[in-house]
Amino acid sequence: MGSAVLGEAISAIRDWSIGKEQTVGGPSATDSFGSLVFNDGVQEKRLPKAVYHALRRTISHGEALDQSMADAIAAAVKDWAVEHGATHYTHWFQPLTGITAEKHDSFLNPTTNGKAVAEFSGKELIKGEPDASSFPSGGMRSTFEARGYTAWDPTSPPWLLRSGGAVTLVIPTAFVSWTGEALDKKTPLLRSMEALSKQALRILKLFGSKAERVITTCGPEQEYFLIDRYFYLSRPDLINAGRTLFGAKPPKGQELEDQYFGAIPDRVLAFMNEVESELYKVGVPVKTRHNEVAPSQYEIAPIFENANVATDHQMMVMETLKRVAPKFGMACLLHEKPFAGVNGSGKHLNWSMSDDEGNNLLSPGANAHDNIQFLVFCCAVIQAVNRWQGLLRATIASAGNDHRLGANEAPPAIISIFLGDMLTEIMEQIEKGGAKSTKSGGVLDTGVLALPKLPRDAGDRNRTSPFAFTGNKFEFRAVSSGQSISYPNTALNIAVTESIDEIATLLEKAVAGGKKLEAAVADLLPKIVKQNKRIIFNGNGYSKEWEKEAAKRGLLNLKNTVDALPQMVTKETIALFEKYKVLNQREVHARFEIMVETYNKTVNVEGNLMVLMANRYVLPAALEYQKQVAHSVAAVKAAGGKSVEGKKLLDKVVKLTDDFKRRTDKLQAALEHESNSAEKHAKHFRDAVIPAMTAVRETADTLESIIPHEVWPLATYREMLFIK
Ligand code: ADP
Ligand code: MG
């Protein structure tokens, strides 16, 4: 692209490297961490003692907060916010669209003497009524009320958003309909954490624990691309679809792997610094940053937290990345596959369970007792993932993730668990050893269950697995970069809840019948391992052999969103959600419908955008080049010569251009499809529109490789990924 855009990008980078570095930096991170959060410390200082303690009980034990406390909290949080310059507050929520929503209201109320005072009541803190009728509800509201309301989530602290010179008090909320049905992603997550806590406590109790609550913990690693903003603004596909619909593979891709963990360019580092500083202030404990495998790809990860707070914080990470990038002349791409042929972006969802004393339930212990407990929880997860592989697969399904899963260095669409050599060996021993011990009257073979302390071996990692045990937590890696972690988290919680529930029932019964706990465990675990070991796979998940092997084992291989989503609404899935009161049938269906609709809308937008770019960018360039070559051939002929190669080139360009136009027309025709069934429509998108798009792109990318730089209208991969 010889146009002005490239020049602009280059001069922006040059200006940056000459002048701007000194503007970054700021107060030390330890001073600023949480300075914009109404956190525990601030609450203790500003709330009456009784109110403070009541709020802490609500946060740590999920106890309902007395209505009368709300006014006191509202007054304190308002004073604190106003002192920090806030003029507005917002109930911040996570509708089913996948992004967050906010509506800002002023604290100011007019007084009779023509002035105004800042006011904020307990009622306003607790409940909001956004005019949110256009958020998708999957039909849940149509029969009742058009509106929904937002309800304060006291377990996630309020914080101050500083953006565009304004300061706004942000109150994390759930979004529900007047009939109490969940219209958001937070509500089911909270319900699933509650369900898991209840069941996990039964197991802990058997092991003699006094814990009163179990929480799920979560640390999501976010991958993203960062490119110069001039390139971004010059590509309609990046602006409107978040990914490139055209773009030939650059001569240098990621094969040298010189980007991974390499030195971070100055401008990128300055950006990361600012992102981290912003996130620190609002209490997001971001910790690591590094280059990822693909050129211009990076990662940011926080320290793990309570899964509900971590989920809110994850949304804040995504928003902050997007908001800060333009300040540094860059654009942040959170799409799962912004560039074909190079790695996509995922979001590794590190997940575990912890009791209220902070003991990680998936941490192998130092003694036999702790290790037996660890193995029980570990087996519960293995069973859950095996049973609910379809549901887990569905929760990460999207048009964007379809491009990533199973492609360059991304987990396959088959869900399996990587356990690592050591734990796998232990599971094998359990399967055999346990059976033996049953015969010998239920006496535990301590050689099996009293395992040695498992080392956290960083070398024992398998990047090809969609779901891996990494020492003291599981890592769900097939989750995609652009999605909220809420639904995969919810599904995992509830799947594990069911397993724990079953295991607890069996163990309780055995113990009540006079069996020793260890013996009961030794009886049970071998059965669980035997029934679920097909999900364990430590080999190369990227290989063709694994697909075959997985098919033999009867594992699901749901290659795309259209195949995967029905797993959300099977009879069994709905029963699971209903049993643990996480979602009712209508709520599950609503989510399914919205995910199908989102898929359809995404592919439809991309298809139309492709037609537009084909006709208005690529085709004119192809015709222009065709004309140039034709003129050249004619000029040679007029001068009495014969351009043999020129004529061949002309024929090639003419053929490609004609093919391109025909393929574009075919795509356009495929897009003119109508159906009154969203699912049928989705199948049409998958089977007709996406292949037509692939065909258009293939010709365009070939044209790109022969059309002169001056004529080609789009920023190329070589430029976007390597000029930084
Ligand atoms: P990696 O090598 O995969 O980057 P890290 O130790 O850096 O491993 O952890 C990655 C993420 O996992 C971090 O966000 C970390 O806080 C999180 N994590 C660690 N322990 C737990 C846990 N018990 N529960 C949930 N997440 C955890
Ligand atoms: Mg990781």
Side-chain angles (χ1 to χ4, degrees), residues 33 189 192-193 196-197 200 204 211 213-224 260-261 264 272 275-276 279-280 283-293 297-318 320-321 343 345-365 370 373-374 377-378 380-381 384-385 409-411 417-420 423 453-479 481 485-486 488-490 492-493 496 541:
F33 186 80
L189 175 62
S192 71
M193 288 174 70
L196 186 136
S197 176
L204 289 183
R213 200 168 168 79
V214 168
I215 55 160
T216 48
T217 53
C218 172
E221 304 164 54
Q222 172 78 51
E223 294 178 337
Y224 60 94
Y260 193 44
F261 277 65
I264 300 171
M272 289 175 165
V275 165
E276 286 165 16
L279 288 169
Y280 274 136
V284 182
V286 282
K287 181 156 175 277
T288 59
R289 49 157 102 133
H290 61 76
N291 282 359
E292 262 302 327
V293 179
Q297 192 188 28
Y298 309 94
E299 182 186 292
I300 181 169
I303 296 169
F304 70 93
E305 302 174 273
N306 166 319
N308 174 40
V309 177
T311 303
D312 284 354
H313 281 171
Q314 218 294 302
M315 300 309 289
M316 288 154 71
V317 167
M318 290 200 281
T320 306
L321 287 168
N343 279 10
S345 297
K347 182 140 56 195
H348 296 176
L349 179 60
N350 293 276
W351 178 95
S352 188
M353 297 164 279
S354 161
D355 69 14
D356 47 7
E357 282 145 23
N359 299 308
N360 180 354
L361 306 186
L362 289 173
S363 191
D370 288 356
Q373 184 188 304
F374 158 73
F377 283 111
C378 198
V381 177
V385 174
E409 297 220 8
I417 302 181
F418 168 83
L419 278 187
L423 198 50
K453 196 165 163 30
L454 289 170
R456 282 203 65 204
D457 180 7
D460 202 19
R461 296 289 175 88
N462 181 333
R463 294 183 60 89
T464 69
S465 178
F467 200 97
F469 182 73
T470 47
N472 57 359
K473 62 186 187 291
F474 281 92
E475 189 169 332
F476 191 8
R477 296 202 184 112
V479 180
S481 55
I485 57 173
S486 186
N489 221 327
T490 302
L492 188 54
N493 287 348
V496 173

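Both ligands and their constituent atoms are indexed starting at 1 by order of listing.
Near N360, with a cut-off below 4.0 Å to any heavy atom, the atoms of ligand 1 are 23 (N). Of all atoms in ligand 1, listed by their number and element, those nearer than 4.0 Å to a heavy atom of I303 are 16 (O).
Ring geometry for F33 against Y280 counts as perpendicular: the plane angle is over 60°, on a 0 to 90° scale with 30° as the lower cut.
In this structure, L196 and V496 have side chains that are in contact, with non-hydrogen atoms separated by less than 4.5 Å.
For the ligand labelled ligand 1, residue E475 lies inside the 4.0 Å heavy-atom shell. In this structure, T470 has no heavy atom closer than 4.0 Å to ligand 1.
Checking only distances, T217 does come within under 3.5 Å of ligand 1, N or O to N or O. Ligand 1 has no nitrogen or oxygen under 3.5 angstrom from a nitrogen or oxygen of E299. Geometrically, ligand 1 and F304 share a nitrogen or oxygen pair separated by less than 3.5 Å. For ligand 1, the polar-atom distance check finds no N/O of A301 at less than 3.5 Å from any of the ligand's N/O atoms.
Looking at residues two or more places apart in sequence or on another chain, you find a ring-ring contact (aromatic ring centres under 6.0 Å, His included) between F476 and F467. Applying the salt bridge (charged side-chain N to carboxylate O under 4.0 Å, His left out) criterion to E223, with sequence neighbours excluded, gives no partner residue.
Here the rule is side-chain hydrogen bond (donor to acceptor under 3.5 Å, both in side chains) with K347, and of Q222, E221, E299 only Q222 fits it.
With rounding to the nearest 0.5 angstrom, the CD atom of E305 is 9.5 Å from the OG1 atom of T311. To the nearest 0.5 Å, atoms CG (N350) and NZ (K473) are separated by 4.5 Å.
The heavy atom nearest to atom 8 (O) of ligand 1, out of those in K287, H348, K473, M353, is found in K473. Across S352, P302, S354, heavy-atom proximity to atom 13 (C) of ligand 1 is greatest for P302.
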